[in-house]
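Inspection log for the structure reproduced underneath, given as structure tokens.
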Amino acid sequence: MAISPNIRELQGSATLAVAALCRQLRAQGRDIIDLSAGEPDFRTPNFAAEAGIAAIEQGFTHYTPVPGTPQLRDAIAAYLSASTGKKVESKGIVVSNGAKQALFNACFALFGPGDEVLVPVPYWTSYPEILKLARATPVLVGSTEEAGFKVTVADLDAAATAATRGIILNSPSNPTGVVYSLDELEAIVRWAHAKNLWIISDEIYGRLCFDAERAASVLDLDASLLDRTVLVDGASKAFAMTGWRIGFSYCSPDLATMLSDLQSHVTSGAATPSQHAALAVFRHEPRVQESVNAMVRLFKRRRDRLAAAMTERVPHASFVMPDGAFYLFFRTDAYYADGRDGSVAFCSWLLEKTGVALVPGIAFGDDRYVRISFAAPEAEVLAAVDRIAEALT
């Protein structure tokens, strides 16, 4: 089949592929523990769901302005201001169909043929593919477990060339759960600012932080450093609203207008009832914070139980303790034998042998690892460790 070069090299989402396989095996009657999920296993807060239902019942089912309803944009700006103490203008907010579209908008608007964009490894699986769709070149910047899966200014400087136009940051990280400190983040942003690079800061897991109320944000830095910065966030992770598809970007008003213009030709605005539901969570109210806190408490407990069980039960267990999100990146190359010559083969073998579904590390740029999601009931997470331990001993 003759297809456009726009998508000829495009790779599908590995995480979505694993989820589809799990559904297929369950339909066949297999006992599957799916730890591949990239979404919280909690219900959307009742007050947000009720706001979405009310919007439908009241007839709010028509188009909104492309960058979002004025009420939601104002609420998001106030939410960011309250979180960081910075003045955030609503005209810099563009509401999108999930944070993934916000990332696509930014990459498509800022980068093009001949541009190189630095992507720290491990990375979220869509970053390189989105950049390729923009005809830009992702330049992968390696990190190590010994360095806490964090890149430094020295790492970035060694990878940068005259063609480098930007960098994508992600903290807390998918797939490692590592969180950059404010000092680490500031060092990278100052370096990028000095080189006149664009910074796309993916902060979708920012509220899911185990040692602080939230992770450090680029908005915590001096405003003089942020003229070429796009912050990406949304309702999906912290508020268990993945299916509502509400993300947003925040940047300079001029760039926001360009992003909105681009989005007008791709999807138009986000779903109207979803925007009304999101309005209920982007408010500085005790019930909002408590819904996040309750989720974080459970994720932290699961992380602690998972890490302890892995250390105790799985031989040669090697990972960096995650400080945020809901993932643990587990090194598995010591078990690559008997036809298991990489993370894909390892995960396939493990799924067939034990019924435990994980995501191959190659999807995140490091074939030596696999990603375990603890966005699943604690009993299932611990049962999965038992099955993994039995298979590897």
Side-chain angles (χ1 to χ4, degrees), residues 7-28 30-39 100 119-133 138-145 149 168 170 173-178 306 310 314-320 322 325-376 380-381 383-393:
I7 65 167
R8 192 170 293 150
E9 305 299 325
L10 191 67
Q11 300 294 316
S13 168
T15 52
L16 295 180
V18 173
L21 178 57
C22 288
R23 288 193 294 270
Q24 178 184 336
L25 292 174
R26 281 175 174 152
Q28 297 171 2
R30 290 286 304 276
D31 176 20
I32 302 298
I33 299 178
D34 183 5
L35 300 187
S36 69
E39 61 178 337
K100 187 179 289 189
V119 180
V121 181
Y123 49 74
W124 179 51
T125 181
S126 290
Y127 295 151
E129 303 308 316
I130 290 173
L131 289 169
K132 291 174 189 175
L133 286 172
V139 175
L140 307 182
V141 183
S143 65
T144 65
E145 187 174 327
F149 287 126
I168 298 180
N170 179 212
S173 162
N174 177 4
T176 64
V178 302
L306 170 61
M310 290 287 292
V314 178
H316 315 299
S318 181
F319 55 87
V320 172
F326 39 76
Y327 308 111
L328 184 145
F329 209 46
F330 166 49
R331 186 161 182 171
T332 52
D333 58 342
Y335 308 108
Y336 294 171
D338 301 324
R340 303 188 298 274
D341 56 354
S343 59
V344 173
F346 176 84
C347 286
S348 297
W349 168 81
L350 191 69
L351 181 58
E352 180 60 34
K353 184 176 179 66
T354 70
V356 174
L358 309 178
V359 182
I362 190 66
F364 310 105
D366 197 326
D367 201 28
R368 301 170 299 168
Y369 290 79
V370 301
R371 190 190 76 178
I372 301 174
S373 169
F374 46 93
E380 290 188 14
V381 173
V385 175
D386 289 341
R387 294 187 189 186
I388 294 170
E390 184 176 351
L392 296 180
T393 54

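No experiment lies behind these values; they were computed from the predicted model shown.
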Do the side chain of R371 and the main chain of T176 share a donor and acceptor less than 3.5 angstrom apart?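 No, because the side chain of R371 does not come within donor-acceptor range (under 3.5 Å) of the backbone of T176.
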Okay, side chain of S373, backbone of A37: is any donor-acceptor separation there less than 3.5 Å?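 Between the backbone of A37 and the side chain of S373 there is a qualifying donor-acceptor contact (under 3.5 Å).
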Closest contact, heavy atoms only, [X] versus [Y]:
X	Y	result
A345	G339	CB-O, 3.7 Å
S173	P175	OG-N, 3.6 Å
L358	I372	CD2-CG1, 3.8 Å
A325	G177	CB-CA, 4.4 Å
A384	L35	CB-CD1, 3.5 Å
R26	I32	NH2-O, 3.2 Å

The criterion is side-chain contact (heavy atoms from CB on, under 4.5 Å); which residues satisfy it with [X], sequence neighbours excluded?
X	value
R368	R331, D333, D366
V121	Y123, L140
A383	I33

Roughly how far apart are [X] [atom1] and [Y] [atom2], rounded to 0.5 Å?
X	Y	atom1	atom2	result
S126	N174	OG	CG	9.5 Å
L392	F346	CG	CZ	5.0 Å
L306	F326	CG	CZ	13.5 Å

Residue pair [X] / [Y], side-chain heavy-atom distance below 4.5 Å:
X	Y	result
N170	Y127	yes
P122	S143	yes
I168	L131	yes
S343	Y336	yes

With the threshold set at 4.0 Å, does a side-chain nitrogen-carboxylate oxygen contact exist between R387 and E390?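 Here R387 does not pair with E390 in a salt bridge, since their nearest N and O are not under 4.0 Å apart.
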Residues at least two apart in sequence or cross-chain that pass salt bridge (Lys or Arg N to Asp or Glu O under 4.0 Å) with D338, listed by chain then number, are none
Got a sec, which residues hit salt bridge (Lys or Arg N to Asp or Glu O under 4.0 Å) with D386, two or more places apart in sequence or on another chain?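 Once residues adjacent in sequence are excluded, the partners of D386 under the salt bridge (Lys or Arg N to Asp or Glu O under 4.0 Å) criterion are R313.
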Could you walk me through whether F319 and F329 pass side chain to side chain contact (heavy atoms under 4.5 Å, CB included), step by step? CA-CA 6 Å; F319 55 87; F329 209 46; 5.8 Å; no
Trace of the side chain to side chain contact (heavy atoms under 4.5 Å, CB included) decision for Y335 with V314: CA-CA 11 Å; Y335 308 108; V314 178; 3.9 Å; yes
Please list, one pair per line, the donor and acceptor atoms closer than 3.5 Å that link side chains of residues 349-356 to other protein atoms, with sequence neighbours excluded.
residue	atom	partner	partner atom	Å
T354	OG1	L350	O	2.7
T354	OG1	V356	N	3.2

Are F364 and Y327 close enough that their ring centres sit under 6.0 Å apart?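 Ring centres of Y327 and F364 not closer than 6.0 Å.
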